[in-house]
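Structure first, commentary second.
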Protein chains: 2
Amino acid sequence: MADHNNRYETIVRKLRDHGHKLTPQRLAIVKILAKSEGHPSVENIYDQIKIDFPTMSLATVYRNILLIKSIGEVLELGFPDGSNRYDGNRPYPHPHVICIKCKKIVDPELDSLDDMREEVAAETGFKILNHRLDFFGICSSCGANKG
Amino acid sequence: MADHNNRYETIVRKLRDHGHKLTPQRLAIVKILAKSEGHPSVENIYDQIKIDFPTMSLATVYRNILLIKSIGEVLELGFPDGSNRYDGNRPYPHPHVICIKCKKIVDPELDSLDDMREEVAAETGFKILNHRLDFFGICSSCGANKG
DNA sequence: CCTCAAATAGGAATCATTTTCATTTAACAC
DNA sequence: GTGTTAAATGAAAATGATTCCTATTTGAGG
């Protein structure tokens, strides 16, 4: 997708504008976040970068993700079991569909959420700032290979 | 609410039916889960029970919550930051509204989720088994006392 | 090329949760 | 009531993802 180059440039520009150095390790992380179709985990990112930077530290991956989160350019999908997945293409809240077998994460198209947000705000008196919607299930390929 | 006694009885019966012992510590945990209006954390539960059982171990709280989860009688709301909250009154998936200041958790009334579930299933080919919907914001009392 | 604040690597620290294991106890039979 | 036994408990150690620490390295501007 051509959008991925745009995402890469957008994130790099924003990092520069905020006065952050563009280290090779940092750019490699941005590249993975921007280009990945899937929703990589920290370990995924770490393993991919280790190919080119064998001395890369896990701490560097964590620090950079934190930084990129702080400038609003990556969406963190943290799960209670400790697994974290990242979306550098759509860094704003949106629904996800997660296969509990193969851990694949898909972005469905849904737009009725905005109405729901207003409904909730009106009913509870909260000022809603954010949300998170995940559906869990079995994807079609995992459903096909049942034992 | 009268429902709380029913919840307590339901959970205790289910524990017995599954062949689990009814220890005083276990029953105390069930009572808190069944009676709490809020959504207590493990620490909340631990602190409450310590009043009556000073030797109570945190591990026992964790073990029993795990057990009660396994028989489907408590809903665990785990958060990526490691905080966990429990709902023993409605142990099935339902939306939550969470105040990011005081950490209060409220159950809004929403019913358009079922449609969404079917829409997602049709679009992605997933067999949807479960979901999680959280809205994050500022509750009315926290919004009123702003600095 | 110099300078220096920022970034990195690697290992130690953290902290919620789980596991281990010796001791206690609920449940059941008699 | 007493005995038996598997399950449950308490306390401490283990776990594991993430963060912190510190000495060393490096990007970027002059």
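Below, chains carry the letters A, B, ... as their sequence lines are ordered, and counting in each starts from 1. Quick note: numbers below take in every heavy atom, side chains included, and nothing from hydrogens, waters or symmetry partners.
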C:dA7, D:dA8, D:dA11: which one has an atom nearest the side-chain heavy atoms of B:Thr55?
D:dA11
B:Ile32 with B:Val42, same ILVMFWY side-chain cluster at under 4.5 Å:
yes
Can you work out whether A:Pro54 or A:Arg26 has the more 5'-proximal nearest nucleotide on DNA chain C?
A:Arg26
Closest-nucleotide ordering on DNA chain D, the 5'-leading residue of A:Leu58 and B:Gly19
B:Gly19
Report which part of the nucleic acid B:Leu66 touches: base, sugar-phosphate, or nothing (heavy-atom distance under 4.0 Å, all strands).
nothing
Check whether any side-chain nitrogen or oxygen of B:His20 sits under 4.0 Å from OP1 or OP2 of D:dA7, and answer yes or no.
no
Think B:Arg132 forms a cation-pi with B:Phe79, using NZ or CZ under 6.0 Å from the six-ring centre and within 45 degrees of its axis?
yes
Is any side-chain nitrogen or oxygen of A:Gln25 closer than 4.0 Å to OP1 or OP2 of C:dA9?
yes
Using the rule given for salt bridge (charged side-chain N to carboxylate O under 4.0 Å, His left out), can you reason through A:Arg7 versus A:Glu73, listing the C-alpha separation, both sets of side-chain angles and the distance that settles it, and then say yes or no?
CA-CA 9 Å; A:Arg7 284 298 300 150; A:Glu73 292 298 333; 2.8 Å; yes
Checking contacts here: which listed nucleotide (C:dG10, D:dT9, C:dT8) is nearest the side-chain heavy atoms of B:Asn64?
D:dT9
Let's see if you can work this out: which of C:dA9, D:dA11, C:dA7 has an atom nearest to the side-chain heavy atoms of A:Thr23?
C:dA7
Any chance the side chains of A:Tyr86 and A:Asn84 put a donor and an acceptor closer than 3.5 Å?
yes
Whole angstrom value for the distance that separates C1' of C:dT14 from CG of B:Asp81:
15 Å
Please evaluate the base of C:dG10 for a donor-acceptor partner in the side chain of A:Ser57 within a cut-off of under 3.5 Å?
yes
Just how far, in rounded Å, is P of C:dA6 from CG of A:Leu67?
13 Å
A:Arg63 (side chain) and C:dA9 (base): donor-acceptor pair under 3.5 Å
yes
B:Leu15: which of B:Asn64, B:Val30, B:Thr10, B:Leu27 passes side-chain contact (heavy atoms from CB on, under 4.5 Å)
B:Val30
Of the candidate nucleotides C:dG10, C:dT19, C:dA27, which contains the atom at the shortest distance from the side chain of B:Ala59?
C:dT19
Sugar-phosphate only, base, or nothing, as touched by A:Pro24 at under 4.0 Å among non-hydrogen atoms
sugar-phosphate
Name the closest nucleotide to the A:Lys21 side chain, picking from D:dG27, D:dA8, C:dG10.
D:dG27
